[in-house]
Protein chains: 4
Amino acid sequence: MSNNKVISVIGGNKCSDETGKIAQEIGKNIAKLGAILVCGGLGGVMEAAAKGAKENGGLTVGILPGERKTDANPYIDIAIPTGLGLARNTLVVKAADLIVALPGEYGTLSEISFALIFKKPVINLSNWDISGTIKVNTIEEAVNLIKKELKNK
Amino acid sequence: MSNNKVISVIGGNKCSDETGKIAQEIGKNIAKLGAILVCGGLGGVMEAAAKGAKENGGLTVGILPGERKTDANPYIDIAIPTGLGLARNTLVVKAADLIVALPGEYGTLSEISFALIFKKPVINLSNWDISGTIKVNTIEEAVNLIKKELKNK
Amino acid sequence: MSNNKVISVIGGNKCSDETGKIAQEIGKNIAKLGAILVCGGLGGVMEAAAKGAKENGGLTVGILPGERKTDANPYIDIAIPTGLGLARNTLVVKAADLIVALPGEYGTLSEISFALIFKKPVINLSNWDISGTIKVNTIEEAVNLIKKELKNK
Amino acid sequence: MSNNKVISVIGGNKCSDETGKIAQEIGKNIAKLGAILVCGGLGGVMEAAAKGAKENGGLTVGILPGERKTDANPYIDIAIPTGLGLARNTLVVKAADLIVALPGEYGTLSEISFALIFKKPVINLSNWDISGTIKVNTIEEAVNLIKKELKNK
């Protein structure tokens, strides 16, 4: 397999403007680091992160719960429609070398859980305070950690 | 479909003696209420709960992550080997009318998350304090709630 | 795990009266042999086989493609709603010690394929003539083979 | 979602030299048409097709049955480790606008079945003669059909 690094961004299907800006900035940084962005392919955090990556020359993959590629947001290059419903959350996490968690609901919590089971680093900017994640408070901290973690992979 | 009520018991693949006793007691009560017990089919909480149900004439189903029926603990009547790995956690939750959560690790947390996404009642005796679950402190409280919830189904 | 034998009956979601009668007769024989009947839980062959089993005191499991237990036909004791869509076809096959194939379309063909991959015996009363299956022409032949195969398990 | 066309190449995990050459040639043509190649990510037909695409500037995605990205063959740009076992066969098919089938065993047959259920065109260079597929005899015929089908998408 090629040596591409993959970062999954997880978070709510809807999000505040502020969270959207953070997601977009994280996406931008993932693209600038030359990593592939994976997400759940839908709206909110997933769309904002994909937008940030696409606007900066990145490659984006959306692993969708439904059957149709057209469910994907407009910034997804490669849509993987799984038809698995929420069981697809495991795939979003498994595809990644590291995960960046942004605010979200129980779906995000399930993805954080799977990431920790699979022993993937979770850089945590989300509302879920779960032990085992790497809690950060700023985009800058998150980006520095992404850089550090990518070097170890 | 027949009108059988289904209760899923979730919790760690390993557990303390004390947690095992609680799981067994919950399983016993599920059987006495005439409900079917579903679990992940492996050890720890899953085995103790299935034991409690079997010893009281109940029917037990184990939805396994692996490919082999023989992975199931000895108290499982019907083993469903999924070969889906941890994506099977969604099935354990979807099969149920209500969920009883006992102590466990991130797998248990993922199941609590899915239960809340699917809007299933979660009677929570676990170490995870997640809003949306019904937190209880004693077996008695849990059993009373199970009875109450089953009436509404 | 308990020593229950499991037989999966696969075939179309719609079927002719004649195929329905064969499915029902197979279901009846599965119940009489004390085996658990697994199927996809929906109509046609699945419903007729489950009916035959239920009317003869058998236990029936329906592994459903959708999210809702209520999708199951009325003869299913234990409904497992997977939400996996057609990926659930792998589970119908994996759960079984042996498979009886009745007429069906491409879904049935996918299940025959998986059964052969998993090296499960396929007693083939279907329209698909696939090498590796055990082709039979009558219910009697099928039932004799079921008995013989169960002894080897 | 971007307007990328996706073609899945299915076939055996092992293959003859001759089949490998055909797979490589199909992969080359997929790349030249600007489409993304999806496959199961492993050896045989999957590896030869991915090689043909990569050597001609294409983008390749491998949807793997196992848990590890490192299971992917060396010509896969984006590895999606599903951990779903053979249930991943549904994903290989769902991701595509059209499918090219090369010689393979029962796994290939399951993928042809799913493609027909999902009403995707199957350009069939395989050993399986299944009604509903578009049977062709030469690479040239296959490539002409790929071009024609892509125009309709």
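Remember, it's a predicted structure, so these values are computed and weren't measured experimentally. For the numbers below, each heavy atom of this structure counts, side chains included, while hydrogens, waters and symmetry mates do not. Letters go in sequence order (proteins before strands), and every chain restarts at 1.
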**Asked** Restricting to pairs with a member in residues 83-92 of chain A, which pass salt bridge (charged side-chain N to carboxylate O under 4.0 Å, His left out), not counting sequence neighbours?
**Response**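 Every candidate salt bridge (charged side-chain N to carboxylate O under 4.0 Å, His left out) pair involving residues 83-92 of chain A fails, so no pair, neighbours aside, qualifies.
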
**Prompt:** If you check every heavy atom in residues 44-61 of chain A against those of chain D, which residues fall under 4.5 Å?
**Reply:**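 Under the 4.5 Å heavy-atom cut-off, A:Leu59, A:Val61 qualify.
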
**Message:** Tell me if the CG atom of A:Asp17 is crowded by more than 12 foreign heavy atoms within 6.0 Å.
**Reply:**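 Check fails, neighbour count at 12 or below.
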
**Message:** For the CD atom on A:Glu140, are there more than 12 heavy atoms of other groups (residues, nucleotides or ligands in this structure) within a distance under 6.0 Å?
**Reply:**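 Not more than 12 within 6.0 Å, no.
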
**Prompt:** Can you name the residues that form a side-chain hydrogen bond (donor to acceptor under 3.5 Å, both in side chains) with A:Thr90, not counting sequence neighbours?
**Reply:**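 Scan of A:Thr90 (side-chain hydrogen bond (donor to acceptor under 3.5 Å, both in side chains), adjacent residues dropped) gives none.
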
**Item:** Shortest non-hydrogen separation from D:Asn4 to A:Asp77 and the atoms involved
**Value:**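 That would be ND2-O, 2.8 Å.
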
**Atom of D:Ala95, atom of A:Pro81 and distance for their closest heavy-atom approach** =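 Result for this residue pair: CA-CD, 3.7 Å.
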
**Item:** chain A interface, residue from D:Thr82, D:Leu84, D:Ile80 that has the most non-hydrogen pairs under 4.5 Å
**Value:**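 Of the candidates given, the most pairs with chain A belong to D:Thr82.
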
**Item:** Inter-chain contacts: residues 101-129 of chain D against chain A, heavy atoms under 4.5 Å
**Value:**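 Result: D:Phe118.
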
